[in-house]
Amino acid sequence: MSEDVKKTQKPLLEITGLKKYYPIEAGIAKRQIGLVKAVDDITLSINKNEVLGVVGESGCGKTTLGRTILRIIEPTEGTVKFHFDDQEIDFTALGKKEMRKMRRDIQMIFQNPYTSLNPRMTILDIVAEPMRLAGGYTEEQITDRVKYLISKVGLEIKHLNRYPHAFSGGQRQRIGIARALACGPKFVVADEAVSALDVSIQAQILNLLQELKEEYDLTYMFIAHNLSVVEHISDRVCVMYLGKVVELAETEELFYHPLHPYTEALMSAIPVADPTVKNERIMLPGEVGNAANLPEGCCFHPRCRYAKECCKKECPSLTEVGNGHFVACHFAKQLSLDGIGELKVKKSE
Amino acid sequence: MGERMDDYILQVNHLKTYFKLDTGILKAVDDVTFKLRRNETIGIIGESGCGKSVTAHSILRTVQNPGKVLGGEILYNDGSGEVDLVKYGADSKEMRRLRGSEISMVFQEPMASLSPVYTIGAQMMEAVTVHQEKKDKKAAKELCMEMLKAVGMPNPEQKFKSYPHQMSGGQCQRAMIALAMVNRPKILIADEPTTALDVTVQAQITDLMKQFQREYNMSIIYITHDMGVIAEMADTIAVMYLGRVVESGSARAIFKNPIHPYTRGLLNSMPVLGRKTRERLQAIEGNVPVPLDPPEECGFCSRCAERFEECDKSIPPLVEVEPEHFVRCFRHQAAAK
């Protein structure tokens, strides 16, 4: 895509100041004694036909972010805007009825294929359900489309009347994908879509997701904690820590030239599948902080090895350092951090 | 250095563990063979349902009904002589003595494997006192505290009195390791100890296990499906598929010169960091079959791209194709000859 086109074309999805806070209540009077800031002021956009990877440790708010965008969880604050064709839709301002209508354009693939399919419904009914809910299809059209989708995701049409328990994890995930595609969505949130699968099956599903993306012009938000998987599938990657985006850049840029100390530590923790390399890891002390009781200043400072006085007081905001590379760190320009390139060199020395 | 049988702390030969179900015989472990040297780590790798965990439980003789160890040998040599664990009853005095003291295990889901109704301290104390001849609670507590500190548990005094639900996943796994290590075992079986944890915590836990291995001269059986972790942890690797070891050898041989089509498939299907291309992954076709009354054929033949006539006629034997490198595949055995 040339620069001019990029500028004129609006991003498919624009998230501005999205927040999701959960109150912590105590006593019979449900007195509010605190807030869990699960998603804390996130602003980002996803372009058409792009795969945005979202990574971070458990509890960092990746899943909440995905669900808040689709309003499976109602956001506390902020807006989510979609640009379909030339139409701008403020998804957060829609009423219930209109939101339901919009749901056919935005779909989700869930993490656990064992719990996200209703065990009492046949595969036909599971995949048909979104179309029946959306309305406007005849039963014949629905059956035809289900048959088409099921064979598209690599299952056999003769299995349509079976129940989910008759399928393996990988096959169930394929059913979940077929269901997400049923209404012809434009945007799909894949929340840890391959995490529960074995390596050989994971590769099949990743390939399938890529094929479908090309065929149907899909845009994905790909949430995962496995960095190699995210690197493989994403065009841009966003790193989250305690409800905030700490770094956002194009995949290669982020993996080779990380600017946030947390990203650097994540990279060095990835085990390398080569017994001849010696790994020199950056050990992050302790564990992810408590989202109910965020540390003052930069929320990463208690674990950061570069932290200075000012990090304890002031929270850095996400700023662009050039070329679409955003980072939230006071010392982004001073630090020279190691990406996977340097780590590999170091390891083999 | 000449090879002595004493070098091996554990030798598993042709182990068979079957589950008799109403629908047939499930051959969860069907001819598993591997050797574990002293102070070394063997990685057992395979996908879910390949029998990795059942192999571990067979060694400890804790296979749940209706599963039974029906054949083969598990030769354990603590330095004073060789004993065959298969010959002992699962509830025998000998197994009870070994289990949890000389051979112990770290389980997959730390949250689910610790008892929710006892404190960490109580669970550790039980593990110590059950193996003491004269009960000495004071000494036992000292040992437990020492271990909790050694695993890097923050605030060990307080955690000793905590229940599992009061701790994070990483802390629970540290507690599990402390529990497994408290009697200074000679063999530690780790069944996917980091699968449920984040990469940064995973790095902490694997480093901790390596550190203990050096300090206490312990051998580790590390079970996982993560090729990356295994490359960092293991000295030797056994690749399992459908209840059988299909390839085994040094970690270097398995990664640099994989021979079995399944091993190569596994390595190719992983996304590799820094490859810079968005090209397709080479996935292995199909799904892992269920080993319920399996036919007499190579278990992998239904998914193998290199199969030929012989593959579905009999089960290939595990053959040494180069020193210390074993492969169970007709095609590549023929090629090696």
Side-chain angles (χ1 to χ4, degrees), chain A residues 51 56-60 167-171 197-208 210-211 225-235 251-252 255-256 262 265-279 281-288 303 339-341 343-344, chain B residues 43 45-50 154 168-171 194 196-204 206-207 225-235 237 250-256 262 265-288 290 303:
Chain A
V51 181
E57 290 174 279
S58 39
C60 74
F167 296 90
S168 68
Q171 289 172 322
L197 307 174
D198 279 313
V199 223
S200 73
I201 309 298
Q202 177 178 297
Q204 295 174 0
I205 300 295
L206 285 173
N207 284 342
L208 175 67
Q210 271 176 319
E211 282 161 27
H225 66 269
N226 184 332
L227 288 152
S228 348
V229 169
V230 168
E231 198 226 5
H232 177 80
I233 199 160
S234 310
D235 300 309
T251 309
E252 227 183 282
F255 277 80
Y256 280 90
Y262 178 61
L266 272 186
M267 306 278 167
S268 83
I270 309 169
V272 180
D274 185 346
T276 53
V277 299
K278 275 275 155 278
N279 201 346
R281 287 214 190 96
I282 303 165
M283 276 294 161
L284 278 184
E287 291 174 24
V288 184
R303 303 175 80 187
I340 51 169
L343 287 168
K344 269 192 184 159
Chain B
I45 195 158
E47 296 177 280
S48 35
C50 74
S168 70
Q171 285 175 353
T194 60
L197 306 174
D198 284 313
V199 265
T200 53
V201 182
Q202 170 175 291
Q204 293 168 358
T206 50
D207 274 29
H225 63 261
D226 187 323
M227 291 297 231
V229 174
I230 213 113
E232 292 193 352
M233 289 295 293
D235 301 297
I237 292 174
S250 69
R252 190 182 273 264
I254 299 288
F255 277 94
K256 295 290 170 202
Y262 178 63
L266 269 188
L267 286 167
N268 286 336
S269 58
M270 284 189 311
V272 176
L273 272 182
R275 208 186 253 166
K276 288 193 183 181
T277 49
R278 286 294 120 72
E279 66 194 18
R280 285 174 59 96
L281 293 166
Q282 290 175 18
I284 305 174
E285 296 290 314
N287 294 298
V288 185
V290 177
R303 301 175 74 188

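Throughout, a chain's letter reflects where its sequence line sits, starting with A, and its residues are numbered from 1. Quick caveat: nothing in here was measured; it's all calculated off a predicted structure.
Contact annotation for B:Gln171: both backbone and side-chain heavy atoms come within less than 4.5 Å of a heavy atom of chain A. Contacts between A:Ser58 and chain B at a heavy-atom distance below 4.5 Å involve backbone atoms as well as side-chain atoms. Both the backbone and the side chain of A:Ile201 come within contact range of chain B, each with at least one heavy atom under 4.5 Å from a heavy atom of that chain.
The minimum heavy-atom distance between B:Ala283 and B:Ser269, with the atom names listed, is CA-CB, 4.3 Å. Closest approach of B:His225 to B:Gly46, counting heavy atoms only: CB-O, 3.3 Å.
The choice from B:Asp226, B:Val199, B:Val290 that makes the most heavy-atom pairs within less than 4.5 Å of chain A is B:Val199. Chosen from B:Gly286, B:Gly265, B:Gly228, the residue pairing most often with chain A at heavy-atom distances under 4.5 Å is B:Gly228. The residue among A:Gly170, A:Ser200, A:Gly56 with the most heavy atom pairs within less than 4.5 Å of chain B is A:Ser200. Of the listed residues (B:Gln282, B:Lys256, B:Met233), the one with the most heavy-atom contacts under 4.5 Å to chain A is B:Lys256.
Side-chain contact between B:Leu281 and A:His232 is present, with at least one heavy-atom pair separated by less than 4.5 Å.
With sequence neighbours excluded, the residues satisfying side-chain contact (heavy atoms from CB on, under 4.5 Å) with B:Val288 are B:Glu47, B:Tyr241, B:Leu242, B:Arg303. Looking at residues two or more places apart in sequence or on another chain, you find a side-chain contact (heavy atoms from CB on, under 4.5 Å) between B:Ser250 and B:Arg252, B:Ala253.
Annotation: B:Glu285, atom CD; neighbour count of heavy atoms from other residues, nucleotides and ligands within 6.0 Å does not exceed 12.
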